[in-house]
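Everything on this sheet refers to the single structure shown next.
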There are 2 protein chains.
Amino acid sequence: MNIDIKEIARKAGVSIATVSRTLNGKGPVREETRRRIIQIAREYNYKPNPIARGLSRRQTDTIGVILPELMDEFFMDLIHSIDEEAYRANRFVMISSSHSQRNIVETLIEFMGSGRVDGVILMASELDSSVVELLKKSKRPIVLLNASKQINSMVSFNVNNYQGAMAIVEHLIGHGFRNIAIIKGPQGNCDADERFKGYTEALSAHGIALQEELIVAGNFTIQAGYYGLMRLMSQPQKPDAIFAANDMMALGAYEAARSSHIQIPRDVAITGFDDIFLSRLLTPRLTTVHVPIFELGSKAVRYLLRMISGDVNPGYPYREELTAGVILGGSCGCANPTTQLLL
Amino acid sequence: MNIDIKEIARKAGVSIATVSRTLNGKGPVREETRRRIIQIAREYNYKPNPIARGLSRRQTDTIGVILPELMDEFFMDLIHSIDEEAYRANRFVMISSSHSQRNIVETLIEFMGSGRVDGVILMASELDSSVVELLKKSKRPIVLLNASKQINSMVSFNVNNYQGAMAIVEHLIGHGFRNIAIIKGPQGNCDADERFKGYTEALSAHGIALQEELIVAGNFTIQAGYYGLMRLMSQPQKPDAIFAANDMMALGAYEAARSSHIQIPRDVAITGFDDIFLSRLLTPRLTTVHVPIFELGSKAVRYLLRMISGDVNPGYPYREELTAGVILGGSCGCANPTTQLLL
DNA sequence: GTGAAAGCGCTAACAA
DNA sequence: TTGTTAGCGCTTTCAC
């Protein structure tokens with residue numbers, strides 16, 4: 001193995017306790033002794049073994065991240081931001097996704113029960129309530145990401161889907177559209193639910209009645225967007241604008257429009273949600289809602305660390321909604337400033 | 001803390017050693033005792049503390065993954081596959097990217113020096129040789145992903161960029177194209193180098209001379225693809241086909257073609273490399289090379305675990321190239337079977 | 001200001 | 001087949 005604290009102590013002519021105190025900056029150490037120890041430690045490039053350290057301190061300096069089975073593009077950003085923030089705080093990141101053979105609970109237990117992490121960040125868009133009960137019992141702090149508003153007894157950081165959806169639909173209303181359709185996200189997905197709520201609120205706030213025929217089901221896939229538009233544009237009551245609850249579905253709608261010779265936004269305006277990379281490449285560029293995923297990750301880590309350190313009471317519920325801003329493309333009918341690509 | 005081995009031992013009326021042996025399946029234990037212990041352990045939902053376990057065994061059951069600063073879409077697949085494979089083997093995954101404030105070496109030392117992981121998987125497309133020297137000195141096994149062929153003294157799993165590029169260029173040649181241009185990847189990136197080599201080899205294998213004017217520099221960005229096509233199509237010696245060294249650049253080329261009213265593949269055929277999700281959405285669908293990223297991750301994990309267990313000698317170099325297959329779209333001139341989308 | 005010593009929870013060598 | 005015991009490398013009282 002590497003050089004250990006005993007070695008350093010011997011070389012410095014002190015006890016291991018003194019070395020430990022010095023390196024941890026706790027307890028009194030004479031300045032001269034301190035210097036000598038630091039010096040020697042550096043010289044031998046000594047790094048305390050975190051495993052042993054963890055055993056003794058009951059802390060691992062590691063946070064766990066649990067992602068859903070289906071990961072899309074922006075989980076990459078999420079991981080990136082979490083990693084970045086953790087690094088700043090000298091923490092490590094353990095990743096696990098709840099895929100195929102493994103469900104969220106199992107993954108959590110694996111992490112928690114085993115004392116491998118000091119806390120967990122859990123992407124929770126599709127968490128069911130039975131799981132939540134379990135989560136609440138956890139001895140280690142958990143921060144939820146995009147948790148349903150039902151879950152009010154825990155800590156969560158969330159994209160404000162409601163506000164974002166409302167904003168983009170109001171933008172459409174501002175364009176003069178009155179027959180605004182929505183292609184919804186999957187049932188039981190809280191992001192989807194909130195986006196739908198934002199849609200209905202925006203309409204009612206402007207005195208526009210909800211029309212059943214303009215509300216179609218979807219599941220966040222390209223296909224759903226494709227068939228959604230097909231269906232909407234083939235019925236007597238055609239929409240003049242379509243709010244796809246995510247960009248993938250908007251993309252499907254684009255495809256459908258193209259294959260049906262429907263022009264965007266002339267024949268129908270389209271907007272999305274997520275601001276995925278792809279949305280920038282569509283012609284016209286998709287008007288969508290930007291999801292502050294990077295900020296979400298950073299905030300989650302920072303808060304989790306405070307829970308771990310006891311700086312905030314881990315038992316105290318907290319919820320934060322991050323504002324999601326509208327990105328104007330040409331698909332809503334705006335004169336398009338962000339022409340094409342990123343050239 | 002949780003229940004510990006001592007408790008279980010007490011409840012079972014045996015020593016902790018017997019419990020340990022039972023739970024680890026090593027050493028002899030009378031069947032009856034074994035059953036009783038298992039039973040009690042289950043009853044109390046006892047899980048050995050991996051930190052303590054690791055301290056004693058000098059093993060953490062954790063593998064580290066180091067990603068480059070710039071992560072694109074397929075790192076998500078990579079992470080997914082690594083995670084999946086690690087899970088099968090009851091291992092944990094620690095992720096770190098070498099971003100902004102932190103370089104690869106620092107990240108590695110953090111992982112290795114600190115005994116947090118038993119081994120590391122390192123994405124190495126742009127590793128410089130000084131780092132390699134350092135890597136070789138590592139006490140813990142390292143598996144490189146997409147390492148340069150220069151690096152022959154280590155273990156690596158690689159996409160066969162050379163073969164993939166050669167295959168797709170030969171496909172173009174099969175279409176009858178003779179003026180095949182390439183938009184290259186960034187200097188010093190080994191993937192880029194190999195793809196270029198595949199290109200030149202394919203041409204020379206078919207007795208086609210290299211034309212300097214048909215070789216343009218690039219850096220894997222959309223912009224590079226855009227300007228690459230612009231430049232190629234505006235010179236006297238126009239290509240009849242362009243091999244963009246990755247899909248992003250192919251995408252840029254599509255854009256450029258569109259804005260210049262150049263038709264693909266009528267005026268010029270275009271192919272890419274990577275098979276990113278986006279390539280499926282282009283019209284015509286991009287002919288490209290599929291990168292077996294999932295397989296890459298799985299194999300890397302499996303091999304790393306064998307190095308860790310001593311099943312293979314960690315000091316023994318090993319290199320494997322995974323075949324990259326051509327995906328036919330319409331952009332090369334093939335009658336397009338994979339029409340549109342994924343509908 | 002410093003050191004001795006008792007853990008942290010577990011594994012493994014050795015003894016019984 | 002089982003138990004005793006000595007660590008693993010570090011932190012943390014508690015004396016000195």
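Basis for what follows: all heavy atoms, side chains included, without hydrogens, waters or symmetry-related copies. In what follows, every chain begins at residue 1, and chains take the letters A, B, ... in the order their sequences are listed.
- Non-hydrogen atoms lying under 4.0 Å from DNA chain C are contributed by nothing in residues 34-45 of chain A.
- Axis angle across the helix from C:dG1-D:dC16 to C:dA16-D:dT1, with five pairs used at each end and values rounded to 10°: 40°.
- Residues A:I142 and A:L144 approach most closely at CG2-CD1, 3.5 Å, considering heavy atoms.
- Across all their heavy atoms, A:A9 and A:S15 have their closest contact at CB-C, 3.7 Å.
- For the atom pair B:D61 CG and B:R91 CZ, the distance stands at 5.0 Å (nearest 0.5 Å).
- A:V93 approaches A:A86 most closely through the heavy-atom pair CG2-CB, 3.5 Å.
- B:R10 has its CZ atom 14 Å from the P atom of C:dG9, to the nearest Å.
- Rounding to the nearest 0.5 Å places CG of A:L23 at 7.0 Å from CD1 of A:I5.
- Judged purely by atom type and a 3.5 angstrom limit, B:S309 uses its side chain to pair as donor or acceptor with the backbone of B:R306.
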*Under 4.0 Å protein heavy-atom contact, by nucleotide of nucleotides 10-16 of chain D - B base, S sugar-phosphate only*: BBBB---
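- Atom CG in B:L55 sits roughly 7 Å away from atom P in D:dG9 (whole-Å rounding).
- Taking the charged nitrogens against the carboxylate oxygens, A:E31 and A:R34 do have a contact shorter than 4.0 Å, which makes a salt bridge.
- Across all their heavy atoms, B:S148 and B:R319 have their closest contact at O-NH1, 3.3 Å.
- Aromatic ring centres of B:Y318 and B:F157: separated by under 6.0 Å.
- Using a 4.0 Å cut-off between charged side-chain N and carboxylate O, A:K11 and A:E7 make a salt bridge.
- The CD-C1' distance, from B:E32 to D:dT2, rounds to 13 Å in whole Å.
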